[in-house]
**Q** 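Structure in structure tokens, see below.
One-based numbering along the sequence shown.
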Amino acid sequence: MIDRLLSGEVTFKIDGFDTSLLCDKLQKVCKVISLYTKSDSVYLTTTGFHEKRVQKLCEASSCVCEVTERKGTIFKAKKYFGRAGLFAGALLMSALIFYLSNVVMKVEINGTSDQATIKEIREMLREEGVKAGVYIPSINFIELSNRLFTHSDNIAWASVGSRGSVIVVNVSTPTPKNDSEERRIPCNIIASRDAVVVDAEVMVGQLSVLIGEAVYKGQMLVSGIVDRQNGIARYYHSYARITGRYDETVEFRQNFAEETVLSGKKLYRKSLNFFELEIPLPGELLDQNADYAVRKQTTSVKLFGITLPVSVNTYEYTERISSLALYSPEEAQKMLYKRLENYEKNILGDVKIIERSISEKKSESGIMLKVKYTLEGDIGRDSEIYIK
């Protein structure tokens, strides 16, 4: 099949004395596509590679050989071999189309309408060399995505890729929570945990429990359904602060020996894919003794908008560094109490600690803190009312 595509097909009309003997010889010296006899003539179709062999065999056998048809791209192209200007123009045009199919024509930013953020992203891309005319397979999309994410506090997530000649930047920006709509949704307030109610401040809604009453998780505390004097029930978004007293136990553990994995420097390498063959390109050298986390992104090469079986792989290697930290009992204890301090500051910052008891348990491998709290805090949680 391949030799037919490369050299085309040639059909012969051969006249001789012994056609059966000639047919046997032809089958031995060339690749036969079709072979038959008609009116004492032999008709042979073979590939262009075997044209001269057939002609020599016919001369040696004293046969008359005539080419009746030539088919294939190679024969059509031979008509233009003498026209150098035509070939040069076609070659130049192909190179231009190939280039334009793989260069940046436009940068598209999705995910935000804030003009300041869009301007900031475009400036950052220009600093990284991403602009109109840049060869797309040369762009490191993984590194660009990382830079965008860490470049600005206005970007919570970023992804950079290509669609044809367009660089597509997808971003997500942090948005302040707007609960104005939520405040209009009718809801009750239910208990988020088992507790004893010690105080209640109800601004909207009807209190359903008594002060000093023990409640269970999920129990209704404030109802958003209020019966009016005319007998018609009204639905409200309940708003209240229900303070409950409850117990909580937490545990903290610190080992004397602790292995941590840190991220080291990042390296980038590229490779060229041709069909299933991957050819490494020159790049930064990897330490054969190091451990790396690997990310891969593939950028296809296109022509006339058609994806070719050629692409460029970009690999991001992040070094993973393992270290073993050893702590004395005193250091481990100090770290535990520091974690306990952070827990009370950040997690229990909105609640009141009524009572706290701490017990320590030491073992050969580390120390464990068990802390029992009696706390007071808001135990209310919104629960939407579904109106039939």
**Q** Is the shortest heavy-atom distance from the side chain of V67 to the side chain of E51 under 4.5 Å?
**A**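 A side-chain contact under 4.5 Å exists here.
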
**Q** Test C30 against L57 for side-chain contact (heavy atoms from CB on, under 4.5 Å), laying out the working first.
**A** CA-CA 10 Å; C30 68; L57 176 62; over 6 Å; no

**Q** I'd like to know if the side chain of T11 pairs up with that of T68 as donor and acceptor (distance under 3.5 Å, no hydrogens or angles considered).
**A**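 No, no side-chain donor-acceptor contact under 3.5 Å.
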
**Q** Do D382 and I189 have side chains that get closer than 4.5 Å, going by heavy atoms?
**A**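 D382 vs I189: side chains touch.
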
**Q** Please answer: with hydrophobic residues joined when any side-chain heavy atoms are less than 4.5 Å apart, are Y268 and V312 in the same cluster?
**A**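 In one cluster: no.
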
**Q** Are H237 and V204 packed together at the side-chain level, in the sense that at least one heavy-atom pair is separated by less than 4.5 angstrom?
**A**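 Not in contact.
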
**Q** Are the side chains of E123 and K119 in contact, using a 4.5 Å heavy-atom criterion?
**A**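 In contact.
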
**Q** Judged by atom type as modelled, is there a donor-acceptor pair below 3.5 Å linking the side chain of R70 to the main-chain atoms of G8?
**A** no

**Q** Rounded to the nearest 0.5 Å, how far does OG1 of T374 lie from NZ of K352?
**A**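 Atom-to-atom, K352:NZ and T374:OG1 are 12.5 Å apart.
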
**Q** Examine the side chains of S271 and E278 and answer whether a donor and an acceptor come within less than 3.5 Å of each other.
**A**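 Side chains of S271 and E278: pair found under 3.5 Å.
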
**Q** Quick one: does I379's side chain get under 4.5 Å of L221's, heavy atoms only?
**A**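 They are in contact (side-chain heavy atoms under 4.5 Å apart), so the answer is yes.
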
**Q** At what distance, to the nearest 0.5 angstrom, does CG of N170 lie from CH2 of W157?
**A**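 Rounded to the nearest 0.5 Å, the CG-CH2 separation comes out at 5.5 Å.
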
**Q** Within the side chain of Q297, is there an N or O that forms a donor-acceptor pair under 3.5 Å with the backbone of I142?
**A**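 Side chain of Q297 to backbone of I142: a pair is present.
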
**Q** Using the rule that Ile, Leu, Val, Met, Phe, Trp and Tyr join whenever any side-chain heavy atoms are under 4.5 Å apart, tell me whether V134 and L281 fall into a single cluster.
**A** no

**Q** Which atoms form the tightest heavy-atom contact between S223 and S208, and what is the distance?
**A**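 Answer, listing the atom of S223 first, then S208: N-OG, 3.7 Å.
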
**Q** Taking all heavy atoms of S162 and all of T299, pick out the closest pair and write down the distance.
**A**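 Smallest heavy-atom distance, with atoms named: OG-CG2, 4.3 Å.
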
**Q** Out of the candidates E258, E259, R253, only one should pair with N255 under the side chain to side chain donor-acceptor pair (under 3.5 Å) rule; please name it.
**A**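 Answer to the side chain to side chain donor-acceptor pair (under 3.5 Å) test with N255 among E258, E259, R253: R253.
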
**Q** Using modelled atom types only, decide if a donor and an acceptor are shared between the side chain of S145 and the backbone of V160 within a distance under 3.5 Å.
**A** yes

**Q** For the side chain of K25 and the backbone of C58, is there at least one donor-acceptor N/O pair under 3.5 Å apart?
**A**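 Side chain of K25 to backbone of C58: no pair is present.
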
**Q** Once rounded to the nearest 0.5 Å, what's the spacing between atom CG of N188 and atom CD of Q206?
**A**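 The CG atom of N188 sits 10.5 Å away from the CD atom of Q206.
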
**Q** Main chain of Q333, side chain of Y327: is a donor-acceptor contact present, judged purely on distance under 3.5 Å?
**A**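 No.
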
**Q** Rounded to the nearest 0.5 Å, what separation is found between the CD1 atom of I14 and the CD atom of Q55?
**A**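 Here the interatomic distance stands at 9.5 Å.
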
**Q** Which word best sums up how the rings of Y43 and Y36 line up, parallel for under 30°, tilted for 30 to 60°, or perpendicular for over 60°?
**A**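 Taking Y36 first and then Y43, their aromatic rings lie parallel (interplane angle under 30°).
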
**Q** Test I139 against V104 for side-chain contact (heavy atoms from CB on, under 4.5 Å), laying out the working first.
**A** CA-CA 10 Å; I139 299 174; V104 178; 4.0 Å; yes

**Q** Can you check whether Y292 reaches L267 side chain to side chain, under 4.5 Å on heavy atoms?
**A** yes

**Q** Between CD1 of I242 and CD1 of I190, what distance do you get to the nearest 0.5 Å?
**A**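 If I round to the nearest 0.5 Å, the distance is 12.5 Å.
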
**Q** Within the 4.5 Å heavy-atom criterion, are T117 and V171 side-chain neighbours or not?
**A** no

**Q** Roughly how far apart are Y337 OH and I367 CD1, rounded to 0.5 Å?
**A** 9.0 Å

**Q** E331 and L326: which non-hydrogen atoms are nearest, and at how many Å?
**A** OE1-O, 4.0 Å

**Q** Of all heavy-atom pairs between S41 and K13, which one has the smallest distance, and what is that distance?
**A** OG-CE, 3.6 Å

**Q** Any chance CG of D350 has more than 12 other-residue heavy atoms, nucleotides or ligands included, within less than 6.0 Å?
**A** no

**Q** Mark yes or no for whether N102, through its side chain, and I136, through its backbone, hold a donor-acceptor pair below 3.5 Å.
**A** no

**Q** Determine whether more than 12 heavy atoms belonging to other residues, nucleotides or ligands lie under 6.0 Å from atom CD of E355.
**A**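 Atom CD in E355 is not crowded, with 12 or fewer foreign heavy atoms closer than 6.0 Å.
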
**Q** Side chains of K31 and T46: donor-acceptor distance under 3.5 Å anywhere?
**A**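 T46 and K31 do not have a side-chain donor-acceptor pair below 3.5 Å.
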
**Q** State whether F252 and R339 meet the cation-pi test: NZ (Lys) or CZ (Arg) under 6.0 Å from the six-membered ring centroid, and within 45° of the perpendicular axis.
**A** no

**Q** Taking the side chain from T298 and the backbone from N313, do they hold a donor-acceptor pair closer than 3.5 Å?
**A** no

**Q** Can you get from V209 to I225 by hopping between Ile, Leu, Val, Met, Phe, Trp and Tyr side chains that sit under 4.5 Å apart?
**A**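 No, V209 does not connect to I225 through the hydrophobic network.
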
**Q** One pair to check against side-chain contact (heavy atoms from CB on, under 4.5 Å): Y315 and L286. What are the steps and the verdict?
**A** CA-CA 12 Å; Y315 292 92; L286 301 177; over 6 Å; no

**Q** Is the closest side-chain heavy-atom distance between I167 and F141 below 4.5 Å?
**A** yes

**Q** What is the minimum heavy-atom distance between Q219 and A214, and which atoms define it?
**A** OE1-O, 4.3 Å

**Q** Residues two or more places apart in sequence or in another chain: which of them pass side-chain contact (heavy atoms from CB on, under 4.5 Å) with E344?
**A**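 Expected list: L340, L348, I353, R356, Y373.
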
**Q** Please report the closest heavy-atom contact between A240 and V222, naming both atoms and the distance.
**A** CB-CG2, 4.0 Å

**Q** Can you list the steps and then say if R320 with T318 is a side-chain contact (heavy atoms from CB on, under 4.5 Å)?
**A** CA-CA 6 Å; R320 294 190 295 196; T318 304; 5.6 Å; no

**Q** Verify the cluster assignment for V10 and V32: are they in a single hydrophobic cluster under the rule of side-chain heavy atoms below 4.5 Å apart?
**A** yes

**Q** Given the rule that I, L, V, M, F, W and Y join up when any side-chain heavy atoms are under 4.5 Å apart, are F256 and M335 in one cluster?
**A**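 No, separate clusters.
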
